[in-house]
Amino acid sequence: MPRPEKSEYAVYRGDEFICLGTARECATYLDVKISTIRYLSSPAYSKRIEERQESKNPLIAIKVDDE
């Protein structure tokens, strides 16, 4: 069963804004899988980029809450 696409994500590369939209819209824009957008917003990915100091401008996604 597919997940509902109600959540929006803001995608950044470092401080540069890339796109805003659902996981599907952002994935289409970046030419990646939907699961990649969800992973970019996960705590596991945040921890991983903190541990790797060599990446100065990592690609990150932030889940936007409507509330």
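Please read all numbers here as calculations on a predicted model, not as lab measurements.
Taking both residues in full, the closest heavy atoms of Ile37 and Ala23 are given as CG1-O, 3.8 Å, listed atom of the first, atom of the second, then distance. In this structure, Tyr12 and Phe17 approach most closely via the heavy-atom pair CD2-CA, 3.5 Å.
Between the CD atom in Glu8 and the SG atom in Cys19 there is a gap of 10.5 Å [rounded to 0.5 Å]. The line from CG of Leu40 to OG of Ser46 is 9.5 Å long, rounded to the nearest 0.5 Å. Annotation: the span from Glu16 atom CD to Leu59 atom CG amounts to 10.0 Å, rounded to 0.5 Å. Residue Ser7 holds its OG atom at 8.0 Å from CZ of Arg38, rounded to the nearest 0.5 Å. Atom CD1 of Ile60 and atom OG of Ser41 lie 10.0 Å apart (nearest 0.5 Å).
Tyr9 has its side chain out of reach of Glu25: every pair of non-hydrogen atoms, C-beta onward, lies at least 4.5 Å apart. Inter-residue side-chain proximity for Ile18 and Tyr29 is flagged as met; some heavy-atom pair is nearer than 4.5 Å. In this structure the side chain of Leu20 never reaches within 4.5 angstrom of the side chain of Val11, judged on heavy atoms. By the 4.5 Å heavy-atom criterion applied to side chains, Thr22 and Ile34 are not counted as neighbours.
Checked against ring-ring contact (aromatic ring centres under 6.0 Å, His included), Tyr45 has the following partners two or more places apart in sequence or in another chain: Tyr39.
In this structure, Thr36 contributes its side chain and Val32 its backbone to no donor-acceptor pair below 3.5 Å.
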